Amino acid sequence: MELTRACVSDLIKGMLGPKKKVYIKTFGCQMNVADSEQMALLLANDYVPTDRVEEADLYLINTCAIRRKAEEKVRSLLGSLQVLKQRHPQMLLGVGGCVAQQEGERLLAAAPHLDLVFGTHGIYRLPEMVRQAARGRRVVDIELTRGFPAQPRRHWRPGAVKTLVTIMQGCDNFCTFCVVPYVRGREYSRLSGEIVAEVADFLAAGGKEVTLLGQNVNSYGRGLPEGVTFPELLRRIDALDGLARLRFATSHPRDLSPELTAAFGKLPSLCEHLHLPVQSGSDRILNAMNRGYTRKEYLQKVAELRRVCPGICLSTDIIVGFPGETEADFEQTLELVEEAGFDQAFSFKYSPRPQTRAAALPDRVPGEVQAERLTRLQNLLNELTLKAHQRLIGKIAEVLVDGISKRSREELCGRLRTNQVVNFSGPRDLLGRLVMVKLTEAHPHSLKGTRVEDPTLSSPLADDPQSPQRRVSC
Ligand code: SAH
Ligand code: SF4
Ligand code: F3S
């Protein structure tokens, strides 16, 4: 093998000196969080991650393009990094992810202090790109490749309790408002054996909770020769020893099959929470969004979920002010929100995105009308969330302790199986453990509780054999 001078110098550096440091700033969804972890893993031969910007030899921004605001955040951060780059000219600066995929060369042209641009599929070629950038070449790689890429073997830090496992990439749905199919490419599923092996590795390392990720997990397996459906994948993962909690995101309501709905009543590790983005309560708007379901069909699916799993908590995403949305359409959204009884929701003003069909639609809703509708919707959603939290008061439920509370350094925090955040006092050695907590206070975004040593203490929830919180012992 021919060794170039750069190669030899890399080898010598690797043998002699400490590794260089990479700082990764992540915007966007859980898929980006998972991708950033992959970047760190792929770069591990040359770089160790740091959370201190000042010591970074390589600064990577993993970006999101879902709404204009998300893109603006990236541009403003990029602008402000000019000063850092002047102070540390040897530091390499790279932009990756969805904005990079969308903008490519244009980013390099707009930011002379930028060294590399890599798209959503470019992360697997990142080490070589970084090497080229280190030799002074400004590089761009926004090629979208076919198939699910080979993944590096993961390892988890000791004490890791939760992990994200990517099971699909891309999206073929082309909802008319959404940029994802353009920036993430076509939908490809990962082989089931690889997914199950990765989860098994995590459990062997002491992990407890796994979230499977894809833009539309319900269509998992399409295009693969092995014929494993998403419910079948869930069954195989649920059967692994040591898994306490299984979650997934995101589920497209059109493809939510009776078989998947039934899994909520059956699989012990599957948490009683489903994120099911509805987007709008008006059939006219759902049709213009190309969502492929009606309001009635959505509500029927919700009713069926509640029938098979009475304790299930539902969360959703809603867009207000889609082109052509009238006051009457918006009121139908408000009605649907009440009827579905969401426990949690994320709501957004429609934002036109490049290449998408909706960006060319007439009848844009003025910004002030969008803002007014968003406020009305969020007031209703906040009320529903608080009521849902209040209904839990007095109950005893299982919490997976995963951190220190944001409200007070003295408190621990974790989540219920149904996904609500709970803060409570307790020693730090409970981190990573499943504990029973009596819920005592309801807040808009979280609950407060006190730890209960004996889970058989009287509680309507703990006594109810149907209760989801009973299914996993701790
Ligand atoms: N794959 C997921 C959605 C991923 S994007 C799904 O199908 O549900 C997350 C959320 O961002 C979407 O559910 C939608 O509510 C919101 N969103 C996407 N594009 C948007 C846009 N152009 N303007 C405003 N909100 C948008
Ligand atoms: Fe976007 Fe629709 Fe795909 Fe979700 S399903 S990522 S909203 S195109
Ligand atoms: Fe954003 Fe890309 Fe995720 S656009 S929401 S980071 S898929």
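Order of listing sets the numbers, starting from 1, for every ligand and every atom in it. Computed from a predicted structure; not experimentally measured.
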Polar side-chain atom of [X] near backbone of [Y] as donor-acceptor pair, under 3.5 Å:
X	Y	value
Y220	S192	yes
R353	C178	no
N382	Q378	yes
Q101	I142	yes
H121	R184	yes
D343	A388	no
S351	R68	yes

Nearest protein heavy atom with distance in Å, relative to atom 3 (Fe) of ligand 3 =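 It is C29 SG, 2.3 Å.
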Among protein heavy atoms, which sits nearest to atom 4 (S) of ligand 3, and what does the distance come to when rounded to 0.1 Å?
->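 Answer for atom 4 (S) of ligand 3: A65 N, 3.3 Å.
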Before accepting this row, confirm whether a basic side-chain N of the pair [X]/[Y] lies closer than 4.0 Å to the acidic partner's carboxylate O.
X	Y	value
D115	K85	yes
E103	R106	yes
D201	R153	yes

Closer than 4.0 Å to some heavy atom of [X] - which atoms of ligand 3 meet that?
X	answer
Q215	7 (S)
N32	6 (S)
C98	2 (Fe), 4 (S), 6 (S), 7 (S)
C64	1 (Fe), 4 (S), 5 (S), 6 (S)

List-wise, which protein N, O or S atoms are found short of 2.8 Å from atom 2 (Fe) of ligand 2?
->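 Correct list: C175 SG.
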Can you tell which part of R184 has a heavy atom less than 4.0 Å from ligand 3: side chain, backbone, both or neither?
->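 Side chain only.
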Does atom NE2 of H443 have more than 12 heavy-atom neighbours from other groups under 6.0 Å away?
->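 Yes.
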Residue R357 excluded, over 12 heavy atoms near CZ under 6.0 Å |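 Counting neighbours around CZ of R357, 12 or fewer heavy atoms of other residues, nucleotides or ligands fall under 6.0 Å, so no.
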May I ask you to establish whether K21 and Y23 are in a cation-pi arrangement, using a distance under 6.0 Å from NZ or CZ to the six-membered ring centre and at most 45° from the ring axis?
->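 Checked: cation-pi criterion not met.
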Does ligand 1 have any N/O pairs with the protein under 3.5 Å, and how far apart?
from: ligand 1; atom 1: 1 (N); to: Q215; atom 2: O; distance (Å): 2.9
from: ligand 1; atom 1: 1 (N); to: Q215; atom 2: OE1; distance (Å): 2.9
from: ligand 1; atom 1: 11 (O); to: R67; atom 2: NH1; distance (Å): 3.1
from: ligand 1; atom 1: 13 (O); to: Q279; atom 2: NE2; distance (Å): 2.8
from: ligand 1; atom 1: 13 (O); to: D317; atom 2: OD2; distance (Å): 2.7
from: ligand 1; atom 1: 15 (O); to: Q279; atom 2: OE1; distance (Å): 2.7
from: ligand 1; atom 1: 17 (N); to: R67; atom 2: NH1; distance (Å): 3.4
from: ligand 1; atom 1: 22 (N); to: F177; atom 2: O; distance (Å): 3.0
from: ligand 1; atom 1: 22 (N); to: S351; atom 2: O; distance (Å): 2.7
from: ligand 1; atom 1: 23 (N); to: S351; atom 2: N; distance (Å): 3.0
from: ligand 1; atom 1: 25 (N); to: R67; atom 2: NH1; distance (Å): 3.2

